[in-house]
Amino acid sequence: MLCELVGKRKLAEKIYDFTVQCPEMAKNARTGQFLHILCGGEAYLRRPISICDVVDKRYIRFVFEVKGVGTDALAKYELGSRLDILGPLGNGFELHPEDKNAVLLIGGGIGVFPLLFLAKQMKGRATVLLGFRNKQSVIMADEFATVSRNVFLATDDGSFGYHGFVTDVLKNILSSNPVSRIYTCGPAPMMKLVCQIAGENALPVQASLEERMGCGIGACVTCTCTVGGQRKRVCKDGPVFDGAEVEWNG
Ligand SMILES: Cc1cc2nc3c(=O)[nH]c(=O)nc-3n(C[C@H](O)[C@H](O)[C@H](O)COP(=O)(O)OP(=O)(O)OC[C@H]3O[C@@H](n4cnc5c(N)ncnc54)[C@H](O)[C@@H]3O)c2cc1C
């Protein structure tokens, strides 16, 4: 669909927050799904970007970091431009309103963006753990605070929040609180450890994987990973999988 860019903000160095008007996509969008965006410039293939939020059932918001040619071209669009977007795509997070104990949302770096929509859907029940490199890269923490029960922050260098990895915060929480379920999105080493800790504590965990993608609709099989001993397409079968079944590389 061609969607008008109606909101554009620079949140931090190389981080952009876009809102597009797209009522058809917005009303079908589920938490954890993504958009496949034709960025222009030298990027021939579309680039996958997670849905960060749906506003008034008319607008979709996504937040992205400029990494290379595609996201660099995307960042240059001005308000009023029309973006060519395929979506919403993929299988997102499964909600479990029946959970009685704490539900933990664990994000790292650009992996925090899709968790905002999830936290909102949980209507104040989510406990959110966010990990960043340093104070300068802490992003959207205030927004998470307005929609969550608790927000815990960790930075690798200790310049903000807990000094260390978000997985240390996870271990602390698990040592003194009953928890029902974990959702995670972020760098693969972080998610691997989150899933390992979840397994040691017999907790269900859903992980949103990130792989380089081609078509985004399951045809080109570029973005495969191994889940439950089978090859799965991140775009079509995921990006959210049962974290206990994911075979992490490395
Ligand atoms: C389901 C899904 C959801 C995503 N959601 C978001 C989001 O909400 N916000 C956001 O900022 N990013 C998100 N990403 C990552 C984003 O798609 C990539 O950063 C983007 O495609 C890079 O394109 P580019 O043309 O700017 O970079 P390129 O020029 O293609 O590459 C620049 C550098 O980044 C590396 N790279 C590119 N894509 C990936 C990848 N998927 N995994 C590992 N390394 C990669 C390349 O190897 C290269 O070193 C998501 C990815 C997936 C699969």
Side-chain angles (χ1 to χ4, degrees), residues 7-20 25 29-54 60-77 83-93 105 107-120 130 132-133 137-140 143-144 183-192 206-225 227 232-241 243 246 248-250:
K8 175 180 179 179
R9 283 193 303 154
K10 189 172 181 182
L11 296 187
E13 192 53 32
K14 293 193 171 190
I15 306 279
Y16 289 85
D17 181 344
F18 275 20
T19 302
V20 287
M25 283 199 267
R30 296 191 314 279
T31 165
Q33 289 188 299
F34 67 95
L35 307 175
H36 215 26
I37 305 176
L38 199 58
C39 299
E42 288 171 28
Y44 172 69
L45 295 171
R46 290 170 184 272
R47 298 296 194 258
I49 302 288
S50 303
I51 294 172
C52 171
D53 200 3
V54 172
I60 292 185
R61 179 177 167 207
F62 56 91
V63 180
F64 63 94
E65 180 178 19
V66 173
K67 278 271 180 69
V69 290
T71 46
D72 184 52
L74 186 60
K76 296 195 167 84
Y77 281 91
L83 301 185
D84 184 330
I85 301 179
L86 200 61
L89 297 179
N91 288 305
F93 294 110
L105 277 51
I110 61 170
V112 307
F113 307 143
L115 298 182
L116 185 71
F117 191 23
L118 180 60
K120 278 187 151 185
L130 304 176
F132 298 96
R133 281 191 306 275
S137 40
V138 172
I139 218 156
M140 288 168 53
E143 260 194 284
F144 273 100
Y183 297 85
T184 186
C185 186
M190 181 205 88
M191 291 201 288
K192 179 181 178 181
Q206 295 178 38
S208 181
L209 303 198
E210 192 192 305
E211 288 290 339
R212 297 216 72 174
M213 266 179 202
C215 70
I217 52 171
C220 73
V221 200
T222 301
C223 59
T224 54
C225 59
V227 180
K232 298 279 184 186
R233 298 158 299 181
V234 170
C235 66
K236 178 93 176 164
D237 305 310
V240 177
F241 293 99
V246 175
W248 304 95
N249 297 319

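Below, all heavy atoms of this structure are taken into account, side chains as well, without hydrogens, waters or symmetry copies. Just so it is clear, the structure is predicted and the values come from calculations on it, not from any experiment. Atoms within each ligand, like the ligands themselves, are counted from 1 in listed order.
Scanning the protein heavy atoms around atom 22 (C) of ligand 1, the nearest turns out to be Lys67 CB, 4.1 Å. Scanning the protein for heavy atoms near atom 16 (C) of ligand 1, the closest one is Pro48 O, 3.5 Å. With hydrogens left out, the protein atom closest to atom 47 (O) of ligand 1 is Arg212 NH1, 3.6 Å, a heavy atom. Annotation: atom 8 (O) of ligand 1 to nearest protein heavy atom, Ser50 N, 3.1 Å. Atom 21 (O) of ligand 1 has its closest protein heavy atom at Arg47 CD, 3.3 Å. When only non-hydrogen protein atoms are considered, atom 53 (C) of ligand 1 lies nearest to Glu211 O, 3.2 Å. Of all protein heavy atoms, the one lying nearest to atom 11 (O) of ligand 1 is Glu65 N, 2.8 Å. Scanning the protein for heavy atoms near atom 40 (C) of ligand 1, the closest one is Glu210 OE2, 3.3 Å.
Side chains of Asn91 and Val240 form no contact here, defined as non-hydrogen atoms less than 4.5 Å apart. The shortest side-chain heavy-atom distance between Val227 and Asp237 does not fall under the 4.5 Å cut-off. Under the 4.5 Å side-chain criterion, counting only non-hydrogen atoms from C-beta, Lys120 is not in contact with Val54. Counting only heavy atoms from C-beta outward, the side chains of Leu83 and Phe62 approach each other to under 4.5 Å.
Here atom 7 (C) of ligand 1 lies nearest to Val63 when heavy atoms of Val66, Val63, Val112 are compared. Relative to atom 29 (O) of ligand 1, the option among Leu45, Val234, Val69, Thr71 with the closest non-hydrogen atom is Val69.
Between the side chain of Lys232 and the backbone N or O of Pro239, no donor-acceptor pair lies under 3.5 Å. No donor-acceptor pair closer than 3.5 Å links the side chain of Glu143 to the backbone N or O of Met140.
A distance of 10.0 Å separates CG of Asp84 from SG of Cys39, quoted to the nearest 0.5 Å.
Checking only distances, Met213 never comes within under 3.5 Å of ligand 1, N or O to N or O. Polar contact check, Gly68 against ligand 1: a nitrogen or oxygen pair lies under 3.5 Å apart.
The neighbour count for Lys236 NZ, taken as heavy atoms of other residues, nucleotides or ligands under 6.0 Å away, does not exceed 12.
Per-atom contact check: atom 44 (N) of ligand 1 does not touch the protein, criterion being a heavy-atom distance below 4.0 Å. Distances from atom 49 (O) of ligand 1 to the protein include no heavy-atom value under 4.0 Å. Distance remark: protein heavy atom present below 4.0 angstrom from atom 32 (C) of ligand 1. Counting protein heavy atoms under 4.0 angstrom from atom 35 (C) of ligand 1 gives zero.
Between Phe93 and Tyr183, the ring planes lie perpendicular to each other; the angle is over 60°, past the 30° to 60° tilted range.
Taking both residues in full, the closest heavy atoms of Phe113 and Ile15 are given as CZ-CG2, 4.1 Å, listed atom of the first, atom of the second, then distance.
If you number the atoms of ligand 1 from 1 as listed, the ones under 4.0 Å from a heavy atom of Phe113 come out as 9 (N).
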Criterion side-chain contact (heavy atoms from CB on, under 4.5 Å) on Phe34 and Met213, from CA distance to verdict: CA-CA 12 Å; Phe34 67 95; Met213 266 179 202; 3.8 Å; yes
